Amino acid sequence: MTRWAPVPGPPAGPHYPQGNCAVRSCRVPEFQRPAGRRNATVDLLLLAVAVAWGSTYWVTKELVSRDNVLAVLAVRMTLTALTLMFILVMRRKRIAKSEWGIGLVLGLLLSTVFTFETFGIAATSATNAGLIISLTIVMTPALETVVGRRKLSRLFYLAAVIAIAGVYFLATGGAAASFNLGDLLILLAATARAVHVTGMHRLSAGRHIDSLHLTFVQMATCGIVFLALSAVSGVRVQDYVPTMDNSAVVQMIYLVVVCTVFPFFIQMWAVRKTSPTRVSLLLGTEPVWAAAIGVTLAGDVLGPVGILGVVLVLVGTMWGQRLELGRAPKAQAGEATPGEAGASREGGEIKDPAL
């Protein structure tokens, strides 16, 4: 579900689109504070974003059933787009034709990510969903080696194998007796997310794109797609909304504001206060929080083999991310210039609020 700051590498989760590309970002006023206190504040807020993203799987799991997935996504994406549109109106800046075009393509890709991811969450545990989707972190660099013809170290491939082995043990050794449909859908979502991140990188390379504009167009595209799909399959939006109780309303607001809009602006602000690599590493703790929340709040039960799977997924994805960040070009992994921010979700781009 989904699936912003200029950080190399991809993260994971039901927030929003990202990619290793340079984009113009929203300027946030500078505040004069002692360096130590300022760095601690930045770290805490970035960790808060990672925790919020990690909780998305649990909250989404509570909100959806197999019949209302498209309606839930339609409401969520539409509310997110309307919120971002309000901010855009306040900024009084027009969206460029190139931003509309790129955002439309990426929005269609993101719709695919959300579809696989949310149907998967409805059919598997929050813990499995949060950990399997984190494979995007190792899938994205692997995909970029194909389209960009760049080599990865042998250690990175070892990290990827460890993560994949972890997914196998997690899916077969947890509460479920075998790799179920939900786990497979989440795996497809991770693959689609890697394509989305790579596509964002490629389509935005060499262009100056406002990250808020790009995110809005993607969210608006997703909203339109899911409004159309929900009209012909499953529960319709007009039938779903009247059935939302207070709990569902709070959960929906949480997904829109805390898991989407809040992370966007925190990333845009934080990348100006610390290095993109630090932002990426802190946001990369999302799978850890997803597992912790899944076991404690969602009540997911894991056997010894499932616990081994969790450990292997975390070790493999986080090691792979560190290896990627360590070899990233200085221009990409170093300090971002005031006028540019990389749009990256998974691991290090400006996460598009939805994933």
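FYI, side chains are in, hydrogens and waters are out, and symmetry mates aren't considered; it's all heavy atoms of this structure. Note that the coordinates shown come from a computational prediction; the quantities given were computed from them, not determined experimentally.
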S.K.: Verify, without hydrogens or angle tests, whether Asn68 (side chain) and Ser65 (backbone) share a donor-acceptor contact under 3.5 angstrom.
M.R.: yes

S.K.: Please name the pair of heavy atoms, one in Ala123 and one in Asn180, separated by the smallest distance, quoted to 0.1 Å.
M.R.: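 Looks like O-ND2, 3.8 Å.
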
S.K.: Short question: side chain of Thr136, backbone of Ala190 - any donor-acceptor pair under 3.5 Å?
M.R.: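 Here the side-chain-to-backbone pair exists.
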
S.K.: Test of understanding: clusters of I, L, V, M, F, W, Y form through side-chain heavy atoms closer than 4.5 Å, transitively. Do Phe226 and Ile253 belong to the same one?
M.R.: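 Phe226 clusters together with Ile253.
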
S.K.: Any side-chain heavy atom of Cys222 within less than 4.5 Å of one from Leu73?
M.R.: no

S.K.: Mind listing the closest non-hydrogen atom pair of Ile209 and Ser204 along with its distance?
M.R.: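 Taking Ile209 first and Ser204 second, the nearest heavy atoms are CD1-OG, 3.6 Å.
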
S.K.: Please report the closest heavy-atom contact between Ala270 and Leu46, naming both atoms and the distance.
M.R.: CB-CD2, 3.7 Å

S.K.: Would you give the length of the straight line joining atom CG of Leu131 to atom OG of Ser125, rounded to the nearest 0.5 angstrom?
M.R.: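 Between Leu131 CG and Ser125 OG, I get 8.5 Å after rounding to 0.5 Å.
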
S.K.: Look at the side-chain heavy atoms of Ile, Leu, Val, Met, Phe, Trp and Tyr, link any pair under 4.5 Å apart, and say whether Ile224 and Leu229 land in one connected group.
M.R.: no

S.K.: So, Lys61 side chain and Thr124 main chain: donor-acceptor pair closer than 3.5 Å or not?
M.R.: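 Yes.
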
S.K.: For the pair Val113 and Leu109, evaluate side-chain contact (heavy atoms from CB on, under 4.5 Å) and give the outcome as yes or no after the intermediate values.
M.R.: CA-CA 7 Å; Val113 175; Leu109 287 174; 5.7 Å; no

S.K.: Determine whether Val250 and Met244 fall in the same hydrophobic cluster, where Ile, Leu, Val, Met, Phe, Trp and Tyr are linked whenever their side-chain heavy atoms lie under 4.5 Å apart.
M.R.: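 Shared cluster, no.
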
S.K.: With a 4.5 Å heavy-atom cut-off, do Thr60 and Gln251 have their side chains touching?
M.R.: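 When only atoms from C-beta onward are counted, Gln251 and Thr60 do not touch, as no gap falls below 4.5 Å.
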
S.K.: Kindly give the heavy-atom pair with the smallest separation between Ala50 and Leu282, and that separation in Å.
M.R.: CB-O, 3.7 Å

S.K.: So, for Gly316 and Val138, which heavy atoms are closest and what is the spacing to 0.1 Å?
M.R.: O-CG1, 4.2 Å

S.K.: Consider only side-chain N and O atoms of Glu286 and Tyr57, and report whether a donor and an acceptor are under 3.5 Å apart.
M.R.: yes

S.K.: Measuring from Leu63:CG to Met252:CE, what's the distance to the nearest 0.5 Å?
M.R.: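 Answer rounded to 0.5 Å: 5.0 Å.
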
S.K.: Can you check whether Leu70's main-chain N or O pairs, donor with acceptor, with Thr118's side chain at less than 3.5 Å?
M.R.: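 Answer holds: no.
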
S.K.: Taking atom CG of Asn246 as the centre, does the number of heavy atoms from other residues, nucleotides or ligands within less than 6.0 Å exceed 12?
M.R.: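 No, CG of Asn246 has 12 or fewer neighbouring heavy atoms, counting only those of other groups under 6.0 Å.
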
S.K.: Using a 4.5 Å cut-off on heavy atoms from C-beta on, say whether the side chain of Val256 contacts that of Thr83.
M.R.: yes

S.K.: Please check this pair: side chain of Trp289 against backbone of Trp53, looking for a donor-acceptor N/O pair closer than 3.5 Å.
M.R.: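 Not confirmed, Trp289 side chain does not pair with Trp53 backbone.
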
S.K.: Checking side-chain contact (heavy atoms from CB on, under 4.5 Å) for the pair Leu106/Leu110: CA distance, chi angles, key distance, verdict?
M.R.: CA-CA 6 Å; Leu106 293 176; Leu110 188 59; over 6 Å; no

S.K.: Side-chain contact test, heavy atoms from C-beta onward, threshold under 4.5 Å: evaluate it for Ile121 versus Leu185 and give yes or no.
M.R.: no

S.K.: Are Leu152 and Val147 connected into the same hydrophobic cluster when the rule is that any two of I, L, V, M, F, W, Y join if their side-chain heavy atoms are below 4.5 Å apart?
M.R.: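 Not linked; separate clusters.
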
S.K.: Could you measure the distance from the CD1 atom of Ile164 to the OG1 atom of Thr317? Nearest 0.5 Å is fine.
M.R.: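 So the gap between those two atoms works out to 11.5 Å.
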
S.K.: Would you compute the distance between atom CZ of Phe116 and atom CZ of Phe119 and round it to the nearest 0.5 angstrom?
M.R.: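 One finds 10.5 Å between CZ of Phe116 and CZ of Phe119.
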
S.K.: Quick check: do Val195 and Met139 have side-chain heavy atoms less than 4.5 Å from each other?
M.R.: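 No. Closest side-chain heavy atoms not under 4.5 Å.
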
S.K.: If we only count heavy atoms from C-beta on, is the Tyr240 to Arg236 side-chain gap below 4.5 Å?
M.R.: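 When only atoms from C-beta onward are counted, Arg236 and Tyr240 do not touch, as no gap falls below 4.5 Å.
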
S.K.: Got a salt bridge between Arg91 and Asp210, using NZ or NE/NH1/NH2 to carboxylate O under 4.0 Å?
M.R.: yes

S.K.: Donor-acceptor pair, distance only, cut-off 3.5 Å: does the side chain of Ser153 make one with the backbone of Phe156?
M.R.: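 Flag set: sc Ser153 to bb Phe156 pair under 3.5 Å.
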
S.K.: List the steps, then state whether side-chain contact (heavy atoms from CB on, under 4.5 Å) holds for Met77 with Val225.
M.R.: CA-CA 9 Å; Met77 297 301 102; Val225 167; over 6 Å; no

S.K.: Is the backbone of Ser230 close enough, under 3.5 Å, to the side chain of Ser233 for a donor and an acceptor to pair up by distance?
M.R.: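 Pair absent, no side-chain N/O of Ser233 close to backbone of Ser230.
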
S.K.: Let me confirm one number: the CG-CG distance from Leu308 to Leu170, rounded to the nearest 0.5 Å.
M.R.: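 Going from CG on Leu308 over to CG on Leu170, the span is 10.0 Å.
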
S.K.: Report yes or no: does Thr78 contribute a side-chain atom to a donor-acceptor pair with the main-chain N or O of Val75 at less than 3.5 Å?
M.R.: no

S.K.: Are the side chains of Thr41 and Leu45 in contact, using a 4.5 Å heavy-atom criterion?
M.R.: yes

S.K.: Work out which heavy atom in Leu283 is nearest to a heavy atom in Gln267; give both atom names and the distance.
M.R.: CD1-OE1, 3.4 Å

S.K.: Ignoring hydrogens and angles, tell me if any N or O in the side chain of Thr191 forms a donor-acceptor pair with the backbone of Leu187 under 3.5 Å.
M.R.: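 Judged by distance alone, yes, a pair lies under 3.5 Å.
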
S.K.: At what distance, to the nearest 0.5 angstrom, does CD of Glu99 lie from NZ of Lys93?
M.R.: 8.0 Å

S.K.: Do Leu158 and Ile162 make a side-chain contact, defined as non-hydrogen atoms from C-beta onward lying under 4.5 Å apart?
M.R.: yes

S.K.: More than 12 heavy atoms of other residues, nucleotides or ligands under 6.0 Å from CH2 of Trp319: yes or no?
M.R.: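 Check passes, neighbour count above 12.
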
S.K.: Are the side chain of Thr260 and the backbone N or O of Val257 linked by a donor-acceptor pair below 3.5 Å?
M.R.: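 Judged by distance alone, no pair lies under 3.5 Å.
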
S.K.: Could you walk me through whether Gln218 and His213 pass the side chain to side chain donor-acceptor pair (under 3.5 Å) test, one step at a time?
M.R.: CA-CA 9 Å; Gln218 290 183 82; His213 290 177; over 6 Å; no

S.K.: Among side-chain atoms of Thr56 and Tyr254, is any donor-acceptor pair under 3.5 angstrom?
M.R.: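 There is no such pair (donor and acceptor under 3.5 Å, judged by atom type) between the side chains of Thr56 and Tyr254.
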
S.K.: Starting from Leu82, can I reach Val249 by hopping between I/L/V/M/F/W/Y residues whose side chains sit under 4.5 Å apart?
M.R.: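 In one cluster: yes.
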
S.K.: Between Val42 and Arg278, is a side-chain contact (heavy atoms from CB on, under 4.5 Å) present by the stated rule, with each step listed?
M.R.: CA-CA 10 Å; Val42 172; Arg278 190 173 183 84; over 6 Å; no

